[in-house]
Every structure is written in structure tokens, then in C-alpha cells.
Enquirer: 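Before anything else, here's the structure in question.
Every value quoted in this text rests on a predicted model; they were computed, and no experiment measured them.
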Amino acid sequence: TIAVSDTNGQLMSLITNGHSMSSTHFGAQRYMRAYVHIPMMISPAIKDVMIMCFGVGNTTNATLLYPQVERLDIVDLSPDVLEHSKYFEKVNGLPLEDPRVKVHVNDARQHLRMTPDDHYDLITGEPPPIAYAGVSSLYSQEFFEIAKSRLRPGGFLTYWLPIQQVGEAAALATVAAFAEAFPGALLLDGFRHELMLVGRKDAPLEFDPARMRNLIDATPGLRRELRWISLDQPFEVAAMLTATPPVIQKAVAGHPPATDDHPVLEYGAWMLGTDRRVPASLFSLDEMATWCPTCFEGGLDEDELADLEGAIEISSAYYK
């Protein structure tokens, strides 16, 4: 059952089976669009993209902003969700009409199994809530390995982690599964508790403010887009850090990864038990230089460094 809610023309939401799956809310816009903006800031040579789960078209709209994108495959189970995209024209710009877009009404895992290796430069994923029955097959180690095999060298997988929906054990099992496939993975804060898992195939994950500035100068409309979601300043992007690879590896040590035969997410929803904590071990900004080495080597001026230090202080207090 699909519904579109419109609150005074200011906030629109896509609701399926009584659950809000996506919306035009600022927070949703910020983290959903960041799925493509962050990889582009690291390596702008992204031409072939796959988006899992269309929602209201936030990520799709952001992807099509880049002229270097030559092909965008949208994979969604529901033709009805895709049909409802026209209600969100104000924020998505009717992306399904773009000639670069090809729609696949299919399960994302099956689509990837039907796709040859080294096929995409970027895969983004925002499945339904992770505690829903069946969704665990899109968060298992086997799934992440399949996705990695479909990436070209240097390709990215950016993935939604609504960590508050499951308890500590299930959250660590999910991150462990991702880290098994992408040992150099990062955890970023998309917006509050909407976290982003970021993996890259056979290449480092490092943010460079100079590269971001060059990308903005070379991409019409990007500065306005990033200002809209409060990511137009390099310090704001740097401050998205939640956990570096060493922090993640330490946090998941001793926690078995979520696998197809160990679908812990289906039984890890906080409403099913007493384990409602968010893992404190996944939050550390002590290794900011691992994520943004040039930030402290001339990449940011004195005022920007002060802004970054202030953002780190605020984020650290929030995480604590």
C-alpha cells in the first residue's frame, strides 16, 4: 500500500505499508544526496552508477547533476513507487525522463547477480528499514561481496545504516559484514543517526578539500546543491566522519558478521528485545587526519580549521 503525504506543501513523504520510506525533509535530502556527492568529491571520474531503491528520487536527482555520469541504472522492486515519482517533481526534477536513466524493476541482489563483474563505478543503496523481514539479505557479507565484485577498481559502495533501528549486537554484525568486504571502509554521519557505510574497491578513501573545490568549480549547479544540504564547505564534509577503518576494525573484533545463514538483523530490532544501545565503539573522531590528511597540511585555512575543530567538538558531544 503506497501513500504520498503532503504537509502544507512544505514536507512530502512516501509511505509504504504505513512506514515512511523517504521524504523531502532536510535530513533525508542531506544524507540521500551525500551517497553520490561524497564519492564524487573523492574521485569525480564516475560514469556508470547503480541506485538501489528509488524512494522519492533524491539520490537520483543528485547523480544526474554530474555531466560525467553516462549511465544510471535504477533498481527497484516496485513499479508503483516509480510511478509515484511524479508527485515529487519539485525535488527530483522528473529524473526518470533523463535519457541516461534505465529502470530495472527487480530485486537489487538479483540484478547484481545478473550483471557482469567490473560494471559500475558507484553503487548506492538505501533498502527498506533494516529490521524488516527479508531486508537482511541486502545487509549480509555475501551481498556486500557481490556488490564489490560488480565495481570497477576504485569504485564505491555507499550504503544506508540507520543504526538506531537495531541493538548493539546487530549493528556491529552489520558493520562487520561490510568491513569484511571492504577492509578500508569508513562510517560517516549523513544526518544525526542516519549513518553511511562507505567502501571503495582497491583504492583509499581520503577527502581532499582542494579536490572538492575543483569539482564545485567544474560542475554547474553543484555549489547551490551543496549549500542546500549544508555540505558546501570542506569542513562540513570532513566533519561527517564517524569512524575510520582502524576504529571500525577494533569495534567489530569478536563480533561475527551478518551472513545469509545468520540473519541477525531480522531478530535484532530494538522492539524485539532489551538491547537498544547504539555501539559507542563506532564513534571516534580522534583519527580525522586519516580521513582528511590535507585538512591539516594547508588544505584548510585558519578560519576553516577553527570551524572544523568546532564541528568536531559538537559531534563528539553529540556522539557521547
Enquirer: Let me confirm one number: the CG-CG distance from L14 to N58, rounded to the nearest 0.5 Å.
Expert: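 Reported to 0.5 Å precision, the distance equals 10.5 Å.
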
Enquirer: Do you know which two heavy atoms are closest between K201 and S149, and how far apart they sit?
Expert: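 Scanning both residues, the minimum pair turns out to be NZ-O, 3.9 Å.
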
Enquirer: Give a yes or no answer on whether the side chain of S13 reaches the backbone of I15 with a donor-acceptor pair at less than 3.5 Å.
Expert: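 Not at all, since once roles are kept as given, no pair shorter than 3.5 Å links the two residues.
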
Enquirer: What are the two closest non-hydrogen atoms of A258 and A177, and how far apart are they?
Expert: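 Smallest interatomic distance, heavy atoms only, reads O-CB, 3.5 Å.
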
Enquirer: Does a salt bridge link R150 with D117, judged by any charged N lying under 4.0 Å from a carboxylate O?
Expert: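 Yes, charged N to carboxylate O under 4.0 Å.
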
Enquirer: Looking at R152 and D48, is there a salt bridge between them, counting it only when a charged N and a carboxylate O are closer than 4.0 Å?
Expert: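 So D48 pairs with R152 through a salt bridge.
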
Enquirer: Is D232 salt-bridged to R224, cutoff N-O under 4.0 Å?
Expert: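 Salt bridge between D232 and R224, a charged N being under 4.0 Å from a carboxylate O: no.
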
Enquirer: Are Y87 and L94 in one and the same hydrophobic cluster, where Ile, Leu, Val, Met, Phe, Trp and Tyr link if side-chain heavy atoms are under 4.5 Å apart?
Expert: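 Not linked; separate clusters.
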
Enquirer: Could you see if I163 belongs to whatever hydrophobic cluster contains V247? Use Ile, Leu, Val, Met, Phe, Trp, Tyr and a side-chain cutoff under 4.5 Å.
Expert: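 No, I163 does not connect to V247 through the hydrophobic network.
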
Enquirer: Which is it for E194 and W160 under the side chain to side chain donor-acceptor pair (under 3.5 Å) test, yes or no, and what are the steps along the way?
Expert: CA-CA 7 Å; E194 309 290 359; W160 184 44; 2.8 Å; yes

Enquirer: For the side chain of E236 and the backbone of Q233, is there at least one donor-acceptor N/O pair under 3.5 Å apart?
Expert: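 Such a contact is found between E236 side chain and Q233 backbone.
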
Enquirer: Taking only residues two or more places apart in sequence, or in another chain, which ones meet R192 in a side chain to side chain contact (heavy atoms under 4.5 Å, CB included)?
Expert: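 Result, side chain to side chain contact (heavy atoms under 4.5 Å, CB included) vs R192: Y318.
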
Enquirer: If you apply the rule side-chain contact (heavy atoms from CB on, under 4.5 Å), what do you find for T24 with K90, and how did you get there?
Expert: CA-CA 9 Å; T24 62; K90 185 180 296 185; over 6 Å; no

Enquirer: Closer than 3.5 angstrom, by distance alone: can the side chain of N92 be matched with the main-chain N or O of V56 as a donor-acceptor pair?
Expert: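 Yes; judged by distance alone, with no hydrogens or angles, the pair exists.
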
Enquirer: Could you give me the CA-CA distance, side-chain angles and deciding distance for T259 and H262, then say whether side-chain contact (heavy atoms from CB on, under 4.5 Å) is met?
Expert: CA-CA 5 Å; T259 63; H262 184 59; 3.2 Å; yes

Enquirer: When you compare the side chain of L65 with that of E225, does any pair of heavy atoms fall below 4.5 Å?
Expert: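 Yes, at least one pair of side-chain atoms sits under 4.5 Å.
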
Enquirer: Examine the side chains of E266 and S136 and answer whether a donor and an acceptor come within less than 3.5 Å of each other.
Expert: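 Side-chain D/A pair, E266 to S136: present.
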
Enquirer: How long is the straight-line distance from CE of M32 back to CG of N61, given to the nearest 0.5 Å?
Expert: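 Here the rounded value is 13.0 Å.
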
Enquirer: To check you understand the geometry: which heavy-atom pair defines the closest contact between A238 and F207, and what is its length?
Expert: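 Smallest heavy-atom distance, with atoms named: N-CE2, 4.1 Å.
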
Enquirer: If the condition is disulfide bond (SG atoms under 2.5 Å apart), which residues does C53 pass it with, not counting sequence neighbours?
Expert: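 Here no residue qualifies.
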
Enquirer: Distance from L187 atom CG to L195 atom CG, nearest 0.5 Å?
Expert: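 With rounding to 0.5 Å, CG (L187) is 5.0 Å from CG (L195).
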
Enquirer: With respect to Y35, which candidate in T63, I51, I123, T124 satisfies the side-chain contact (heavy atoms from CB on, under 4.5 Å) definition?
Expert: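 Only one of T63, I51, I123, T124 forms a side-chain contact (heavy atoms from CB on, under 4.5 Å) with Y35, namely T124.
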
Enquirer: Do the side chains of L215 and Y66 get nearer than 4.5 Å, heavy atoms only?
Expert: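 Yes, close enough: below the 4.5 Å cut-off.
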
Enquirer: Counting distance only, does the side-chain N/O of S85 pair as donor-acceptor with the main-chain N or O of L82 below 3.5 Å?
Expert: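 It does hold such a pair.
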
Enquirer: Is there side-chain contact between K102 and L72, with at least one heavy-atom pair below 4.5 Å?
Expert: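 Sidechains of L72 and K102: no contact.
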
Enquirer: Looking only at non-hydrogen atoms, find the nearest pair between L122 and P39 and report the distance.
Expert: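 Heavy atoms only, the tightest pair is CD1-CG, 3.8 Å.
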
Enquirer: For S23 and L11, run side-chain contact (heavy atoms from CB on, under 4.5 Å): C-alpha distance rounded to whole Å, both residues' side-chain angles, the deciding distance at 0.1 Å, then the answer.
Expert: CA-CA 7 Å; S23 78; L11 172 64; 4.2 Å; yes

Enquirer: Would you say the ring centers of F144 and F178 fall short of 6.0 Å from each other?
Expert: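 Ring centres of F178 and F144 closer than 6.0 Å.
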
Enquirer: When you check the gap from the basic side-chain N to the acidic O, do E304 and R213 get nearer than 4.0 Å?
Expert: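 Answer for the salt bridge query: yes.
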
Enquirer: Would you say the side chains of H25 and R30 form a donor-acceptor pair under 3.5 Å?
Expert: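 On atom types as modelled, these side chains do not qualify, holding no pair under 3.5 Å.
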
Enquirer: Does atom CD of E287 have more than 12 heavy-atom neighbours, drawn from other residues, nucleotides or ligands, at distances under 6.0 Å?
Expert: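 Enclosed: over 12 neighbouring heavy atoms sit under 6.0 Å from CD of E287.
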
Enquirer: Do P209 and T294 have side chains that approach each other closer than 4.5 Å (heavy atoms only, starting at C-beta)?
Expert: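 Yes, at least one pair of side-chain atoms sits under 4.5 Å.
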
Enquirer: Would you kindly confirm whether I314 and M240 end up in one hydrophobic cluster when ILVMFWY residues are joined by side chain heavy atoms under 4.5 Å apart?
Expert: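 I314 and M240: separate clusters.
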
Enquirer: Provide the closest heavy-atom pair for L186 versus W291 in the form atom of the first, atom of the second, distance.
Expert: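 Residues L186 and W291, closest heavy atoms: CD1-CE3, 3.3 Å.
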
Enquirer: Is a side-chain N or O of Q68 found less than 3.5 angstrom from the main chain of P44, in a donor-acceptor match?
Expert: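 At least one qualifying donor-acceptor pair exists.
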
Enquirer: Less than 4.0 angstrom from a charged side-chain N to a carboxylate O is my criterion; do R100 and D73 meet it?
Expert: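 No.
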
Enquirer: Drop me the distance from N106's CG to T115's OG1, to the nearest 0.5 angstrom.
Expert: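 That separation rounds to 8.5 Å.
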
Enquirer: Test D189 against T242 for side chain to side chain donor-acceptor pair (under 3.5 Å), laying out the working first.
Expert: CA-CA 6 Å; D189 179 1; T242 296; 5.1 Å; no

Enquirer: To the nearest 0.5 Å, what is the distance between NE2 (H111) and CG (D76)?
Expert: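 One gets 12.0 Å once the value is rounded to the nearest 0.5 Å.
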
Enquirer: Please examine the side chains of R71 and Y120, heavy atoms only from C-beta on, and report whether any two atoms are closer than 4.5 Å.
Expert: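 Yes - at least one pair of side-chain heavy atoms lies under 4.5 Å apart.
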
Enquirer: Does K148 qualify as a cation-pi partner of F182, given the criterion of NZ or CZ under 6.0 Å from the six-membered ring centre and within 45 degrees of its axis?
Expert: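 That pair qualifies as a cation-pi contact.
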
Enquirer: I'd like to know if the side chain of Y31 pairs up with that of E126 as donor and acceptor (distance under 3.5 Å, no hydrogens or angles considered).
Expert: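 Side chains of Y31 and E126: pair found under 3.5 Å.
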
Enquirer: Let me check something: do V135 and L77 share a hydrophobic cluster, defined by ILVMFWY side-chain heavy atoms less than 4.5 Å apart, either directly or through other members?
Expert: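 No, V135 and L77 fall in different hydrophobic clusters.
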
Enquirer: Mind checking whether I2 and H84 have side chains closer than 4.5 Å, heavy atoms only?
Expert: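 Yes, their side chains come closer than 4.5 Å.
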
Enquirer: Starting at CZ of R33, measure out to OG1 of T60 and round the result to the nearest 0.5 Å.
Expert: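 The OG1 atom of T60 is 9.5 Å from CZ of R33, to the nearest 0.5 Å.
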
Enquirer: side-chain contact (heavy atoms from CB on, under 4.5 Å), that's the test. Do F88 and S22 meet it? Break it down for me.
Expert: CA-CA 11 Å; F88 300 92; S22 188; over 6 Å; no

Enquirer: Quick check against the 3.5 Å criterion: does D121 have a side-chain atom that pairs as donor or acceptor with the backbone of K47?
Expert: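 Present.
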
Enquirer: Output all residues satisfying ring pair (Phe, Tyr, Trp, His ring centres under 6.0 Å) with F296, sequence neighbours left out; order by chain, then residue number.
Expert: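 F296 satisfies ring pair (Phe, Tyr, Trp, His ring centres under 6.0 Å) with no other residue.
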
Enquirer: Between R200 and S43, is any pair of side-chain heavy atoms under 4.5 Å apart?
Expert: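 Yes. Closest side-chain heavy atoms under 4.5 Å.
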
Enquirer: So which atom in P127 and which in Y139 form the shortest heavy-atom distance, rounded to 0.1 Å?
Expert: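 For P127 and Y139, the tightest heavy-atom pair comes out as CD-OH, 3.6 Å.
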
Enquirer: Can you establish whether the number of heavy atoms outside K250 located under 6.0 Å from its atom NZ is more than 12?
Expert: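 No, NZ of K250 has 12 or fewer neighbouring heavy atoms, counting only those of other groups under 6.0 Å.
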
Enquirer: Is any side-chain heavy atom of S137 closer than 4.5 Å to one of F143?
Expert: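 Side chain of F143 against side chain of S137, heavy atoms only: no contact under 4.5 Å found.
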
